[in-house]
Amino acid sequence: MASATTVPTKPLVVIVGPTAVGKSGIAILVAKALGTEVLTADSRQVYRDMDIGTDKPTAAERQGVPHRLIDLVDPDQPFNTGAFRRQALAEIARLHQEGKVPLLVGGTGLYVRTVLRGLWEGPAADWEFRRALEQEAGTKGADWLYRRLVQVDPESARRLHPNDRVKIVRALEVHHLLGRPLSEEHKRHAFAEMPFAPLLIGLTRERTALYRRVDERVELELAKGLMEETKRLLDRGYGRHLGSMKGLGYKQMAGHLAGDYDYAEAVRWLKRDTRRFAKRQMTWFRKEPGLQWLSSEGAESPEQVAERIVDEVRRFLRTL
RNA sequence: GCCGAGGUAGCUCAGUUGGCAGAGCACAGCCCUGAAAAGGCUGGUGUCGACAGUUCGAUUCUGUCCCUCGGCA
């Protein structure tokens with residue numbers, strides 16, 4: 001780990017942005033121009049056999065550019081930020097060794113952040129413990145978890161809303177496993193690592209144009225067979241409770257297939273939820289330090305955007 | 001033309017026995033350290049169709065008019 005006083009010199013180019021902004025296509029062009037590969041930072045594309053719903057580029061679309069960090073696990077295998085980061089660091093190290101500029105591209109803000117600024121090396125999820133906690137919460141009332149957190153880690157309790165079950169459970173889990181409050185560990189870590197010299201580019205578009213692209217992309221995924229893909233996954237025993245099946249697209253299609261709502265509603269909700277997701281991504285990336293935004297207009301071709309990025313990268317590499 | 005129903009938030013509608021109007025959705029802002037496409041928080045001034053009347057006070061009652069949707073001609 002590089003300390004704050006040594007200036008990192010190993011370059012890392014990162015392209016982030018909301019879903020449907022056009023990252024994948026542009027990234028392939030940039031990677032080609034730079035003679036490198038694409039490292040995908042996407043928490044959904046890590047799952048094998050989930051292709052249409054996660055909008056993985058096809059072999060033809062990849063144009064011979066190798067893509068890494070996708071298809072890492074089966075849909076029922078646990079995956080998490082830490083696993084992603086370890087594999088990402090390994091790929092980055094390899095590319096540096098080969099004299100290539102690593103290019104990290106994706107929309108999962110947390111994954112990108114842990115590569116750029118580190119991750120507190122705490123214990124991974126203990127699903128057994130979580131299940132037991134949830135069960136106890138079932139009998140002792142909904143606010144029992146929160147009250148317990150107030151006792152054990154008041155700082156975390158102050159930062160979390162009583163309704164935020166997922167994060168309350170994680171804080172309790174860490175305290176249970178380590179005997180120390182999560183809030184202290186996070187405060188100490190503070191995302192202060194800086195292993196690379198980063199160039200951080202955020203792709204964006206005008207909001208209504210972005211939302212139009214979201215709707216179009218949903219329609220395209222449906223036309224490509226999102227429903228059939230979902231059915232295939234369910235038939236293979238990947239149930240709705242799995243984290244991978246809670247992703248956009250699969251969640252709505254599975255709900256419809258189970259008879260919860262009709263097809264038109266499933267599509268409407270998928271579009272809505274994807275728009276909301278894009279909005280949340282924008283909120284996340286907005287506060288990523290050092291990020292420079294690159295807004296592309298509707299008329300601008302992916303080639304033109306890629307060219308602007310490549311120019312930026314060349315300028316950046318000269319400064320190292 | 002007549003009869004009926006209705007005109008309230010961007011949309012669908014609720015409501016006020018007359019007292020500064022409220023839900024869902026849409027949308028906007030935000031939080032986030034091994035589930036992160038997950039999970040969570042916050043945000044509602046809108047000529048209550050127009051004009052006049054009654055009233056301390058009208059979106060609510062009365063009258064006239066305008067518009068929309070049905071039905072009958």
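Within every chain, numbering begins at 1; the chains are lettered A, B, ... in the order of the sequence lines, protein sequences first and strands thereafter. Worth knowing before you read on, the calculation uses all heavy atoms, side chains too, and leaves out hydrogens, waters and symmetry mates.
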Exercise for the section: Check whether any side-chain N or O of R207(A) sits under 4.0 Å from OP1 or OP2 of C27(B), and answer yes or no. Expected result: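 R207(A) to C27(B) OP1/OP2: no side-chain N or O under 4.0 Å.
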Handout entry: Phosphate-side-chain proximity, R170(A) and A36(B), N/O vs OP1/OP2 below 4.0 Å
Key =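 No, no such contact exists.
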When both hydrogen-bonding distances must be under 3.5 Å and the geometry is Watson-Crick or G-U wobble, what is [N] paired with, if anything?
N      : answer
A36(B) : none
G1(B)  : C72(B)
G43(B) : C27(B)
U55(B) : none
G18(B) : none

Exercise for the section: Taking the side chain as every heavy atom from C-beta outward, state whether E121(A) and R85(A) have any pair of such atoms under 4.5 Å apart. Expected result: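 Yes, their side chains come closer than 4.5 Å.
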Between [atom2] of [N] and [atom1] of [X], the distance in whole Å:
X       : N      : atom1 : atom2 : answer
E206(A) : A28(B) : CD    : C1'   : 14 Å
Y47(A)  : A35(B) : OH    : P     : 10 Å
L133(A) : A35(B) : CG    : P     : 14 Å
F191(A) : U33(B) : CZ    : P     : 7 Å
Y250(A) : A38(B) : OH    : C1'   : 16 Å
K167(A) : U33(B) : NZ    : P     : 6 Å
D164(A) : G40(B) : CG    : C1'   : 4 Å
L248(A) : A38(B) : CG    : P     : 5 Å

For atom [atom1], what is the distance between [N] and [M], given to the nearest Å?
N      : M      : atom1 : answer
C67(B) : U62(B) : P     : 22 Å
G43(B) : C25(B) : P     : 14 Å
G22(B) : G44(B) : P     : 10 Å
C30(B) : C69(B) : P     : 42 Å
A58(B) : A52(B) : P     : 12 Å
U8(B)  : A21(B) : C1'   : 9 Å
G10(B) : C51(B) : C1'   : 27 Å
A9(B)  : U47(B) : P     : 7 Å

Handout entry: Distance in Å, I15(A) CD1 paired with I309(A) CD1, rounded so as to fall on 0.5 Å steps
Key =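 Here the rounded value is 4.0 Å.
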So [X], base contact, sugar-phosphate only, or nothing? Heavy-atom distance under 4.0 Å.
X       : result
Y111(A) : sugar-phosphate
G249(A) : nothing
R286(A) : sugar-phosphate
G53(A)  : base
K287(A) : sugar-phosphate
D273(A) : nothing
E121(A) : base
T283(A) : base
S244(A) : nothing
R268(A) : nothing
A190(A) : base
Y211(A) : sugar-phosphate
G82(A)  : base

Could you check whether [X] pairs with [Y] (Lys NZ or Arg NE/NH1/NH2 to Asp/Glu carboxylate O, under 4.0 Å)?
X       : Y       : answer
R170(A) : E173(A) : yes
R217(A) : E221(A) : yes
E229(A) : K224(A) : no
E300(A) : R205(A) : no

Exercise for the section: Look only at the side chain of Y250(A) and the backbone of S244(A), and say whether a donor-acceptor pair between them is shorter than 3.5 Å. Expected result: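 The answer is no, because no donor-acceptor pair under 3.5 Å joins these two groups.
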Exercise for the section: Look only at the side chain of D74(A) and the backbone of D76(A), and say whether a donor-acceptor pair between them is shorter than 3.5 Å. Expected result: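 Pair absent, no side-chain N/O of D74(A) close to backbone of D76(A).
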Exercise for the section: Take R280(A) and E173(A), find for each the nucleotide of RNA chain B with the closest heavy atom, and name the residue whose nucleotide sits nearer the 5' end. Expected result: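 Upstream on the strand: E173(A).
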Problem - Along RNA chain B (nearest heavy atom to each residue), the more 5'-positioned of R275(A) and A125(A) - result: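 Taking each residue's closest nucleotide, the earlier one in sequence belongs to R275(A).
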Nearest to the side chain of [X], which nucleotide is it out of [options]?
X       : options                : answer
R86(A)  : G39(B), G34(B), C31(B) : G34(B)
T81(A)  : G34(B), C41(B), G39(B) : G34(B)
R276(A) : A35(B), C27(B), A28(B) : C27(B)
K279(A) : G40(B), G29(B), U33(B) : G29(B)
H161(A) : G39(B), C41(B), A36(B) : C41(B)

Problem - Syn or anti for G34(B) (syn when the glycosidic angle lies within 90° of 0) - result: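 The base of G34(B) is oriented syn (glycosidic angle within 90° of 0).
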Practice task
Would you say whether H186(A) stacks on U33(B)? The test is a distance between ring centres of less than 5.5 Å and an angle between planes of less than 30°.
Solution key: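 Yes, H186(A) stacks on the base of U33(B).
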Practice task
Decide yes or no, distance alone: a donor-acceptor N/O pair under 3.5 angstrom between the base of G40(B) and the side-chain of N163(A).
Solution key: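 No, no donor-acceptor pair under 3.5 Å.
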Handout entry: Check: Y261(A)/Q252(A) side-chain N/O donor and acceptor closer than 3.5 Å
Key =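 No, no side-chain donor-acceptor pair sits under 3.5 Å.
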